[in-house]
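I have placed the structure first, in the form of structure tokens, so that the comments after it can refer back to it.
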2 protein chains.
Amino acid sequence: MSKKINIIGAGLVGSLLSIYLAKRGYKIDLFERRPDMRTANISAGKSINLALSDRGWKGLEGVGIADEIKKIAIPMYARAIHHKDGSTVHQPYGKDNQAIYSVSRAEINMRLMDLAEQQENVNIHFNERCTSIDRKSLTAEFINDETKKVKTAQSDLLFGSDGAFAASRLNMQLTSDRFEYNQHYISAGYKELIIPSGPNGEFLLEKNALHIWPRGSFMMIALPNMDGNFTCTLFFPFEGEKSFASIKTREQVQNFFEEEFTDAVPLMPTLLDDYMNNPVSSLVTVKCFPWTFDNKIGLIGDAAHAIVPFFGQGMNCGFEDCVVLNDLIEKHKEDWTKIFDEYQTLRKPDGDAIADLAVANFIEMRDKTADPKFLLQKKIEARFNGKYPEKWIPLYSMVTYSPHIRYSTALKEGQKQEAIMQKIMAMPDIDKKWDSIEIENEMLKYL
Amino acid sequence: MSKKINIIGAGLVGSLLSIYLAKRGYKIDLFERRPDMRTANISAGKSINLALSDRGWKGLEGVGIADEIKKIAIPMYARAIHHKDGSTVHQPYGKDNQAIYSVSRAEINMRLMDLAEQQENVNIHFNERCTSIDRKSLTAEFINDETKKVKTAQSDLLFGSDGAFAASRLNMQLTSDRFEYNQHYISAGYKELIIPSGPNGEFLLEKNALHIWPRGSFMMIALPNMDGNFTCTLFFPFEGEKSFASIKTREQVQNFFEEEFTDAVPLMPTLLDDYMNNPVSSLVTVKCFPWTFDNKIGLIGDAAHAIVPFFGQGMNCGFEDCVVLNDLIEKHKEDWTKIFDEYQTLRKPDGDAIADLAVANFIEMRDKTADPKFLLQKKIEARFNGKYPEKWIPLYSMVTYSPHIRYSTALKEGQKQEAIMQKIMAMPDIDKKWDSIEIENEMLKYL
């Protein structure tokens, strides 16, 4: 008889996980707190648009659904940096046709739910809010927020994929001795705004780019949507001289945006209403351990490792969790004691690494992408990578385009590279001789 | 009309806090999860014996109850270090008659409850387990674990003094955006054992000392009780070659103790039964922020900052919280917005500092107290302190005997001192010229 698996949370990772497990023959029940977003008109939760990259694609390919998702994804080949004077500069994201892909969280979530339900052994239950988990009998209790009825569901294995504020994880925290737990909020929050499509549905900024207005202590970004809109996100400190606390009235907003985002303001006809009405959301990093309990309960995705969005890796990391888990099921031939043990031992350092990389990338995006010295450094690295692709893969490429490189390895290599580049950038006249054989040999020496 | 204050948790800090607030005229209801330990025969919770020192005494003196507590406290003037060969060495804790005081947690908690109830405006309610707090109406909900009845209690202000795993703090965590939270367990746990009194009720080790068997990666300590017993505590890694995981059978315990704690074994007739029957407890540090909410809810003691016991400061820090809060009530003339704001701004760095100092002191106690080089360093510091008491107060004395020095200041000063002592200890022939004028001048130079 095939094992029964309950999954708490039918978000991006829970839905994909259900497909992986269903294809291995498990019987899956997926419990989702929210109504079915395919029929109810609700949001998919707080979200900036998401950037799908190679780790995510690999996760989708693993169950043969990458082509389905590609239909709703817009490739972004470069950063388009918008300076304060209104000028724009392109920074390619990688070589050749390397791109990251803009997807709407709601769109991809709905497709994944469709694809999950196409598996005959997957059932999704909506409006079911998990209130507790009895670890001994592995029975989860739910309150249906529509019918107000309580139900329980027993299973052989259970996964918590219910996000940064996971009920499943809280339950483990409260019932486990020696549970390591850390939640940390960065000092900036975000607010979503919009650049609508033009009169004929056309994109009013370059479609195939991730637009950034880097301004030092804050930034705005814009990602394309299928319907010609751009979702803009203002990342802004909660407190301080330029912050959500100080920019509050319509007049302040108007002046602030005209000063800082000159070229965007004419494209944002609903700016003032959006700013006044849309909520400010916070940005949390969650680290915890263990990720598995009693050899039958596992945390996955944001429930195990919530990260800030600045490396565009939250979803990609969660999809990669599914790949890692699937590989371990194969390796350990359904021995879940071994699977869970290796899953958390192997994957925890990678979760920690991408969490730290994501926080660090906020500084890079909001501050350094406008810094000529930083841009020169990236040019030197790209040139060196072109000549010695085996010796030097830039950090961004390791994280974004190299699923064969672990996040933890990328973090370590990136730190080594940064130490080398500090020395290179300190050399006299580096701006003149940056593409010289001398610099190249110097870098080879340090490696 | 005087304000009504509810306090969740009638432990050491909650009981003392109720006295402070009652003396200012507030009407206090104190809700305690456990039965009344003065009538029921139950433990006061997991605990090694506690070491009361100057910050704690100051907290008791502030409401005139230090003399009452002194009756149940045993002064310890020195560390008695027990070496593996059975020899013993004394290390005075301070100058002259400076001492820390051994008290039983249950004893002092019961006295504090008595003293609280002597205030006519304090009522203690037992068996009342807090299940939620409605922040808008400031109404706490309790389930009585004896009668199974639910009750609610409204108040003007509310304090959570319900310990490391506070229900009050969890409630704030779940209902606050941007709540910083970290819980971290060290890799060692502890088990309580006993050295009973002799045939005539006499102490079988020196009464007025804190006994330590430092063994590098682990240690045992023993503190005197009023009835002639010593409470022994084995601090031991959970995993590893010598650990709770590896020492499990009666035979292993017997061999291990004979090898490591030679001189103690003959004094521990119930060792094997105690080791097999007593639980292993874990040791957690909790850091969080904010400590106050909505200008009417405050966390205090372990609920705000749970620390490991190795500096003997958990209770002392909690009592000092009461002193700080009382001073701020005076300063801000009952303006609780200002009181709460300054309480958490002022006190949070001190809570963080003593948390870090406590973890660091584990290494000092279990490892360095047996190291001749460390002992020489302490001798040099003590000598210098004797000659220049204004210029150099050893870290242990700052923390333990100097309530006028903030924990955060002690931590910073201690780090400076340690950097200086590293240089001093690296000088050639330091063991020969440690008490020379040359060393003294060298230290003066660095200061």
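Both backbone and side-chain heavy atoms feed into the values below; hydrogens, waters and symmetry mates do not. A, B, ... follow the sequence lines: proteins, then strands. Residue 1 opens every chain.
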Ring-face cation contact, A:Tyr275 with A:Lys191, 6.0 Å cut, 45° max: yes

Cation-pi, A:Phe362 ring and A:Arg366 (6.0 angstrom, 45 degrees): yes

Test item: side-chain donor near acceptor, A:Glu141 and A:Thr152, under 3.5 Å: no

Given a strict heavy-atom distance threshold of 4.5 Å, which part of B:Leu170 is in contact with chain A: side chain, backbone, both, or neither? side chain

Spell out the residues in residues 178-185 of chain B that have some non-hydrogen atom less than 4.5 Å away from a non-hydrogen atom of chain A, in order of number; otherwise answer 'none'. B:Arg178, B:Phe179, B:Glu180, B:Tyr181, B:Asn182, B:Gln183, B:His184, B:Tyr185

Using distance alone, with no hydrogens and no angle criterion, decide if B:Ser176 and B:Arg135 have a side-chain donor and acceptor under 3.5 Å apart. yes

Regarding B:Asp321 and B:Arg347, does a basic nitrogen lie under 4.0 Å from an acidic carboxylate oxygen? yes

Decide whether A:Ser137 and A:Asp134 meet the rule of one side-chain donor and one side-chain acceptor closer than 3.5 Å. yes

